[in-house]
There are 2 protein chains.
Amino acid sequence: MSGLAFVSSLIDRDANNRGKLDYVTALRRDSTTCVVQIAGDQVRMEDKALYTANDAPDTEAVYLGLTPDCKAWFARSIAPEIGLTAIRSLMIEGPLPEDQVSLLAQARSVLHWHGSHGFCAKCGQPSQMMDAGYRRHCPTCQTDHFPRTDPVVIMAVRDGQRVLLGRQAAWPQGMFSALAGFMEPGETIEQAVAREVLEEAGIRVGPISYVTSQPWPFPASLMIGMIAEAASTKIVIDPAELETARWFERHDLEQMLKGTHPEGLFASRPQAVAHAVVTAALK
Amino acid sequence: MSGLAFVSSLIDRDANNRGKLDYVTALRRDSTTCVVQIAGDQVRMEDKALYTANDAPDTEAVYLGLTPDCKAWFARSIAPEIGLTAIRSLMIEGPLPEDQVSLLAQARSVLHWHGSHGFCAKCGQPSQMMDAGYRRHCPTCQTDHFPRTDPVVIMAVRDGQRVLLGRQAAWPQGMFSALAGFMEPGETIEQAVAREVLEEAGIRVGPISYVTSQPWPFPASLMIGMIAEAASTKIVIDPAELETARWFERHDLEQMLKGTHPEGLFASRPQAVAHAVVTAALK
């Protein structure tokens, strides 16, 4: 896979039919239905393809939708076992077509939500899966809960021909990436960009523009890729967030994006939206 | 207020200090600290200003941050009472400066989350507020929970000089607005736009571009305003979502945005991002 991961799903989510129990039950029982099997952020493979046999129809399996061949897809949680394949590795290299890797983003995010939301956050009693996986209902207090999608801003901060990148201590040696952070309630995308850049690197920003977006299913983020023009240049890092942050010149960035930098520095892989925002900032 | 609501907060969220108990406790006890008092989507006012007296220091009050005069702001939940003011009405008209109305978006979203998330969704036991309101921790299973921000796409679908608007049966007579819907796990912003327009109106779309964003604290949405170019024109509405949808010509839209349409049709108010995306689509 050479481009942005998780953005190529061909699924029709068939949302208007999720709430129809007979319809969904018929799909669950259909032997041509595909059921992907996921444990955490790993998936079961078989001969370099997704294992999709519908051999254990399961009322807790989540309905993903229909692919263009009108095949129904579900996803179910399984216990961890030997031989599963990390979704992250399928994102970077491997035998699956991009649309199937993208389908795994949907599957993993929704299953993670069910696995961590078995109880009603309002009253503490057990909740039940509804709408083929897109709602949980509390029979005790009647509250409905919906899957989370957590927006994250990720931004290339630009000062003329230079771009600000940071690195966290835990990352592989030589790796730098765009700054990023979770959005908070009550702010705009643009305010979140300005806040995160100021918090993490002490830089003030001016005009902000949108580049692209990407679901990031670890566990359920929406990456919102932005460019921000710097209004100051002196870096003051927050050591709780970053090990370091630096302004990189165009010639360094071009080599870091390609992985050919003479000092072994590199930026995020093409599968990550960080790569897309830095590339866009150099245009 | 004449422009987009909730986007003008001047607060420094002071996020790096939220976790410092002594620091936050000192602010809670400071008599100059402002505490806004909220019940649901209503707020306590006093003489055409926010009631902000710090007369009941409360460990469950959420820290909002610092305003440019270095005053600390908190928000606390109160029981409903007579004489409170709807945040929606303050958004449209009223005595408060825009930055204070914007602050209420943050306050209302975070307080609503605490009010509906007193229990751990993973194990069902009571959770505790941490980090001055930006985290809840479960002492039983050690899970951390963070406030929700639910991304919503809202889009002007454009066919040359025409724009597609819809209306829900519950809306005031004559009102039309941009189509909108919650994003789902595992999709891009652009996929969500295409899905919602197809689901609600049967229209396929081509190129999609970003306009602007807005927090919408009823209870905790992030509105992502987009323009989508139509790739088909025949409308087939989903009657569960919409009462009707229509293509409007430029001269109608201009009058609907200004509220001067001869048939009494009108589009969303300037305070809503729907107004901004339709205006942008006419440029």
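The sequence lines fix the lettering, A, B, ..., with proteins before strands; numbering per chain opens at 1.
Considering OH of B/Tyr210 and OG of A/Ser213, their distance stands at 11.5 Å, rounded to 0.5 Å. The structure places CG of A/Asn16 at 9.0 Å from CG of B/Leu198, a figure rounded to the nearest 0.5 Å. Atom CZ of A/Phe119 sits about 7.0 Å away from atom SG of B/Cys123, to the nearest 0.5 Å.
Ring geometry for B/His117 versus A/His145: interplanar angle over 60°, hence perpendicular rather than tilted (30 to 60°).
With B/Pro185 as reference, A/Thr149 is the one residue of A/Leu111, A/Leu222, A/Thr149 to meet the side-chain contact (heavy atoms from CB on, under 4.5 Å) rule.
When all heavy atoms of A/Gly186 and B/Ser109 are compared, the closest pair comes out as N-OG, 4.4 Å.
For A/Pro147, the parts lying under 4.5 angstrom from a heavy atom of chain B are both the backbone and the side chain. Heavy atoms of A/Phe182 lying under 4.5 Å from chain B are absent altogether. Using a 4.5 Å cut-off between heavy atoms, A/Ile189 contacts chain B through both its backbone and its side chain. If you measure heavy-atom distances from B/Ala220 to chain A, you find no contacts under 4.5 Å at all. Only the side chain of A/Arg195 comes within less than 4.5 Å of a heavy atom of chain B; its backbone N, CA, C and O stay farther away. When heavy atoms are compared at a cutoff of 4.5 Å, A/Ile224 approaches chain B solely by way of its side chain, counted from C-beta outward.
Within the 4.5 Å cutoff, side-chain heavy atoms of B/Thr188 are placed close to those of A/Pro215.
Among A/Thr143, A/Asp14, A/Asp238, A/Val110, the residue with the largest count of heavy-atom pairs under 4.5 Å with chain B is A/Asp238. Between chain B and the options A/Arg136, A/Gln214, A/Arg148, heavy-atom pairs under 4.5 Å are most frequent for A/Arg148. For the options A/Gln125, A/Glu190, A/Met183, heavy-atom pairs under 4.5 Å to chain B are most numerous at A/Glu190.
For the pair B/Arg13 and A/Glu187, the salt-bridge criterion is met [side-chain N within less than 4.0 Å of a carboxylate O]. Remark: A/Glu184 engages B/Arg18 in a salt bridge, criterion side-chain N to carboxylate O under 4.0 Å.
With hydrogens and angles ignored, the 3.5 Å screen pairs a side-chain donor or acceptor of A/Gln191 with a backbone N or O of B/Val7.
Within 6.0 Å of CZ on B/Arg135 lie more than 12 heavy atoms contributed by other residues, nucleotides or ligands.
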